[in-house]
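Take a look at the structure set out below.
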Amino acid sequence: MPLLRKFWAPFKALVADKMETVSLDEAKQNRVLGNDPVTGKPISVRLGRFGPFAQIGTKEEGDEKPKYASLRPGQSLHTISLPDAIELFKLPRDLGAAPDGVEVSAAIGRFGPFVKHGKTYASIKAPDDPYTIDLARALEVIAEKELAAANRIIQTFDEGRVQVLNGRFGPYITDGAKNANVPKDRDPATLTLVECDTLLTEKGKPVRQKGGFKRGAAKKAAAKKAAAKAEAPAKKSAVKKAPAKKAAAKKPAAKKAAAKKAPAKKAAVKKAAAKKPAAKKAAVKKAAARVLAVA
């Protein structure tokens, strides 16, 4: 195949050359920027599964687990400096104590930058920055989050079993498993527990979680499918067995019919054989009578 050789020969040579001249770190775009002034360990930047990141330390046996920090938007593996990389490891930042004495901090989590006060997490957006936000601004963001959470609850029944909440698309009722919209002609603040339970029963829809319905519902659906698959082969085998029985029942009848036909054929052959000699004798007699008549 000339076309394949034309491609493969230079490609193979290029791979062989890179295997000899390019190190693993270079292939992964790893760069060592210098040493951490606190621990003395090397700081490097690398390209990982979820994007570029900085690392303090190595994975060699006996060493402590390396520390990691994702590069910020706009930063590049090829141009980031050691001071910029060191800044990445300053999160989470302790901003100080709130008026109630609880510590406030800023960090970057799975869903982006946030500030934290006790068990309250409040997302922060530009121009606020987790690296530069101060305590006063953090307290404002937390107060806005707590106010929104307080206004979200319109009514609560049975110690939170059923709640009437303000949602993105308007007020609704929930019991954690189902959600039901509040009728447009009703004031959500005047609903009773009986009315809420009735609406959840008649018009409630399963609560959706990220990635689909609740895991319990998914497991039940999977179990039903497995049971259906298990029943299907059993039914098919039962259907296949029935014709087999009928065929077995028909075979003896066929044999009997064949057995009956065989004696009938033998009798016919015997009759035919018996008739032939008689016919020959009759023919001989007729011929003899003709000869005598001529004489």
Side-chain angles (χ1 to χ4, degrees), residues 15 18-149 168 208-212 215:
V15 171
K18 295 301 180 184
M19 290 289 288
E20 295 293 332
T21 60
V22 178
S23 67
L24 182 61
D25 284 343
E26 289 175 329
K28 292 183 176 180
Q29 302 183 45
N30 298 346
R31 287 178 60 220
V32 177
L33 306 180
N35 292 329
D36 177 28
V38 177
T39 62
K41 294 181 178 180
I43 296 181
S44 59
V45 286
R46 302 162 181 265
L47 183 62
R49 181 181 178 186
F50 302 105
F53 66 94
Q55 175 179 316
I56 296 178
T58 62
K59 291 184 178 180
E60 295 179 2
E61 293 184 7
D63 289 352
E64 295 181 4
K65 184 178 179 181
K67 293 182 179 180
Y68 305 98
S70 297
L71 268 62
R72 303 179 67 185
Q75 291 181 328
S76 169
L77 288 171
H78 306 289
T79 58
I80 189 171
S81 63
L82 179 60
D84 290 337
I86 292 172
E87 286 292 319
L88 297 175
F89 294 94
K90 289 186 176 180
L91 294 182
R93 289 174 58 225
D94 292 328
L95 305 180
D100 60 1
V102 178
E103 291 294 324
V104 177
S105 61
I108 296 177
R110 182 180 178 186
F111 303 106
F114 65 90
V115 288
K116 178 187 176 187
H117 170 254
K119 294 183 179 180
T120 301
Y121 293 80
S123 297
I124 57 178
K125 299 179 180 180
D128 291 325
D129 188 317
Y131 291 93
T132 59
I133 192 170
D134 58 17
L135 177 61
R137 177 55 185 157
L139 290 175
E140 288 178 4
V141 174
I142 291 167
E144 290 171 3
K145 172 69 180 290
E146 291 175 343
L147 180 61
R168 183 180 177 185
R208 277 184 175 273
Q209 292 185 347
K210 292 183 179 180
R215 291 181 180 176

Checklist line | Sub-4.5 Å side-chain heavy-atom contact between Lys145 and Thr120 | finding: yes

Margin query: Just to verify, what does Asp84 make a side chain to side chain donor-acceptor pair (under 3.5 Å) with, not counting sequence neighbours?
Written below: Ser81

Notebook entry, point to check: Tell me, do Ile124 and Pro130 make a side-chain contact under 4.5 Å, heavy atoms counted?
Noted result: yes

Next item on the list: Could you tell me whether a side-chain N or O of Arg93 sits under 3.5 Å from a main-chain N or O of Ile133, the two making a donor and an acceptor?
Entry: yes

Notebook entry, point to check: Are Leu95 and Asp134 side-chain neighbours, meaning at least one heavy-atom pair lies under 4.5 Å?
Noted result: no

Notebook entry, point to check: Taking C-beta and beyond as the side chain, do Asn30 and Val45 meet within less than 4.5 Å on heavy atoms?
Noted result: no

Margin query: Within the 4.5 Å heavy-atom criterion, are Leu33 and Pro42 side-chain neighbours or not?
Written below: no

Notebook entry, point to check: Hey, does Val141 have a side-chain heavy atom less than 4.5 Å from the side chain of Glu146?
Noted result: no

Next item on the list: Hey, could you give me each pair passing ring-ring contact (aromatic ring centres under 6.0 Å, His included) that has a residue in residues 33-56? Not counting sequence neighbours.
Entry: Phe53-Tyr68

Next item on the list: Return yes if a side-chain donor-acceptor contact under 3.5 Å exists between Arg72 and Ser70, otherwise no.
Entry: no

Check: Can you check whether Gln55 reaches Lys67 side chain to side chain, under 4.5 Å on heavy atoms?
Finding: no

Checklist line | Results of ring pair (Phe, Tyr, Trp, His ring centres under 6.0 Å) for Tyr121 - residues two or more places apart only | finding: Phe114

